[in-house]
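Below: one structure, written as structure tokens.
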Amino acid sequence: MDKKKGFKILKNILKIVVTVGALYWVFSKVSLKDLKEAVIHSNPIFLFLALLAYSVSIFISSSRLLTFLRAIGLDVSEKYNLKLYQLGLFYNLILPGGVGGDGYKIFFLRKRFSIKGRKLFTALFLDRLSGLWALCLIIAALITYMPQLGIPNYLTVILFMLGSILYYFIVTKFFKEYGSTFLKAHLKAIGVQSMQVLAAILILYALGFNGKFSPYLFLFLASSLVSIIPFSVGGLGMRELVIMWGAGIFQVDSHNAVLITLLFYIISAMVALSGIYFIFNPKAIGEDKLPSVEEVEQSQKLEE
């Protein structure tokens, strides 16, 4: 076993340890019985609407990625891109510590369009970055409705505007091919995050909550921000850890706070599972068979 492979195995083991440890701490602070009762008595109609809202966010997210791919000259059809996106979601679910969905997207797009992997990686990276910008936009907007944070509204607005200007300058200066699609892609990014916030609101309604939403939504988005950092398996555990910590600060119901992230994770997993269709029917994406993890990793090494 080479050092690189050994390090990857160790990293994945540490992620599992962190995930299990974080979840253990969270569930030691809340009553599992109360969580179970809350889920059993939740409103299925609002949960279904939350599922629909999240599904719409995935359609918009797929379209956002297509905007970045077409910016580098790839003539990708919307149908093929959505199929590839669904497959990527499935791989992100089952391989959160491995190659993941982006690795498979790059593999298939390189194979079909004979384009450099680095160029595809940049497109996918900027796609994720646009989502991060939209996430920060909504967090900044929520901060203005939360005087308990003690952050002046003008400071929040100024800092976000300055950050956005710097971000726009870097993208248009160093990634010029994406400049013409900047506005279109980022409007879609706002659409994605807005639909996911709507899903979180619908989950709160499903739980029978009718109080002030802003603290819960702020914690939900902050936990999403933290889950981007690969400390745990698919962000699981870290989201719940952050939201439990924040629940104490904002003095909100910890059970509702944890349930938002758990139910959202279940909904996202249900949508991601739709990609399993292509595992059993690879011809639907124009392949006789899907590559193994080793083949995708080898392809990445050759690109390097």
Side-chain angles (χ1 to χ4, degrees), residues 53 56-58 60-72 102 118-201 212-232 235 238-239 241-243 245-250 252 257 260-261 264:
V56 170
S57 82
I58 293 302
I60 301 172
S61 186
S62 171
S63 177
R64 182 187 70 196
L65 175 60
L66 186 61
T67 301
F68 283 98
L69 293 178
R70 286 181 173 172
I72 55 174
D102 285 353
R118 286 189 182 89
K119 205 166 187 179
L120 286 169
F121 176 81
T122 301
L124 266 66
F125 172 73
L126 290 175
D127 173 63
R128 293 293 184 94
L129 203 58
S130 69
L132 181 60
W133 173 84
L135 186 62
C136 291
L137 168 64
I138 298 176
I139 288 175
L142 285 170
I143 288 174
T144 63
Y145 288 94
M146 301 176 69
Q148 61 266 49
L149 287 174
I151 303 173
N153 288 350
Y154 72 86
L155 184 61
T156 301
V157 173
I158 289 173
L159 287 176
F160 181 77
M161 290 299 293
L162 288 175
S164 296
I165 291 168
L166 178 62
Y167 169 54
Y168 176 77
F169 172 78
I170 291 172
V171 171
T172 53
K173 177 72 174 176
F174 299 102
F175 306 97
K176 293 181 180 179
E177 61 264 50
Y178 301 100
S180 61
T181 59
F182 186 90
L183 179 60
K184 183 179 180 181
H186 287 74
L187 285 174
K188 289 179 179 179
I190 293 172
V192 172
Q193 296 301 338
S194 297
M195 292 308 298
Q196 294 195 5
V197 167
L198 177 59
I201 291 172
K212 190 175 181 182
F213 285 1
S214 54
Y216 288 99
L217 297 178
F218 176 80
L219 291 175
F220 169 74
L221 292 173
S223 67
S224 298
L225 201 58
V226 171
S227 69
I228 294 171
I229 306 169
F231 285 144
S232 65
M238 293 306 298
R239 283 187 294 260
L241 193 67
V242 168
I243 215 161
W245 172 73
I249 293 175
F250 294 109
V252 296
I260 294 171
T261 60
F264 187 86

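Positions are given from 1 along the sequence.
- A distance of 12.5 Å separates CG in Leu126 from OG1 in Thr67, rounded to the nearest 0.5 Å.
- Between Phe220 and Phe264, the ring planes lie perpendicular to each other; the angle is over 60°, past the 30° to 60° tilted range.
- Note that the CG atom of Leu65 and the CG atom of Leu69 stand 4.5 Å from one another [nearest 0.5 Å].
- In this pair, Phe68 and His186 present their aromatic rings perpendicular. The plane angle is above 60°, beyond the 30 to 60° band.
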Evaluate side-chain contact (heavy atoms from CB on, under 4.5 Å) for Phe213 paired with Tyr145, printing each intermediate quantity in order. CA-CA 10 Å; Phe213 285 1; Tyr145 288 94; over 6 Å; no
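- Rounded to the nearest 0.5 Å, atoms OH (Tyr154) and OG1 (Thr156) are 9.5 Å apart.
- Side-chain atoms of Ser61 do not come within 3.5 Å of backbone N or O of Ser57 as any donor-acceptor pair.
- Pairing each heavy atom of Ser130 with each of Ala189, the nearest pair is O-CB, 3.4 Å.
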Stepwise side-chain contact (heavy atoms from CB on, under 4.5 Å) check, Thr181 with Arg70: CA-CA 9 Å; Thr181 59; Arg70 286 181 173 172; over 6 Å; no
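- Atom CZ of Phe182 has more than 12 neighbouring heavy atoms from other residues, nucleotides or ligands inside a 6.0 Å radius.
- Distance OG/Ser194 to CG/Leu187: 10.5 Å, rounded to 0.5 Å.
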From CA spacing to verdict: side-chain contact (heavy atoms from CB on, under 4.5 Å), Ile260, Leu217: CA-CA 9 Å; Ile260 294 171; Leu217 297 178; over 6 Å; no
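- Nearest heavy atoms, Phe218 versus Leu142: N-CD1, 3.7 Å.
- In the model, Lys188 has a side-chain atom that pairs as donor or acceptor with a side-chain atom of Ser63 under 3.5 Å.
- Of the possible donor and acceptor atoms, one in the side chain of Ser164 sits under 3.5 Å from a partner among the backbone N and O of Phe160.
- The shortest heavy-atom contact between Gln193 and Gly131 is NE2-O, 3.4 Å.
- Residues Pro215 and Lys212 approach most closely at CD-O, 3.5 Å, considering heavy atoms.
- The two atoms that bring Ala71 and Tyr178 nearest to each other are CB-CD2, 3.7 Å, heavy atoms only.
- Rounded to the nearest 0.5 angstrom, Thr144 OG1 and Leu155 CG are separated by 12.5 Å.
- Contact record, Met195 with Ile60: CG-CD1, 4.0 Å, taken as the closest heavy-atom pair.
- Taking CG of Leu132 as the reference point, atom CD1 of Ile139 lies at 8.5 Å (rounded to 0.5 Å).
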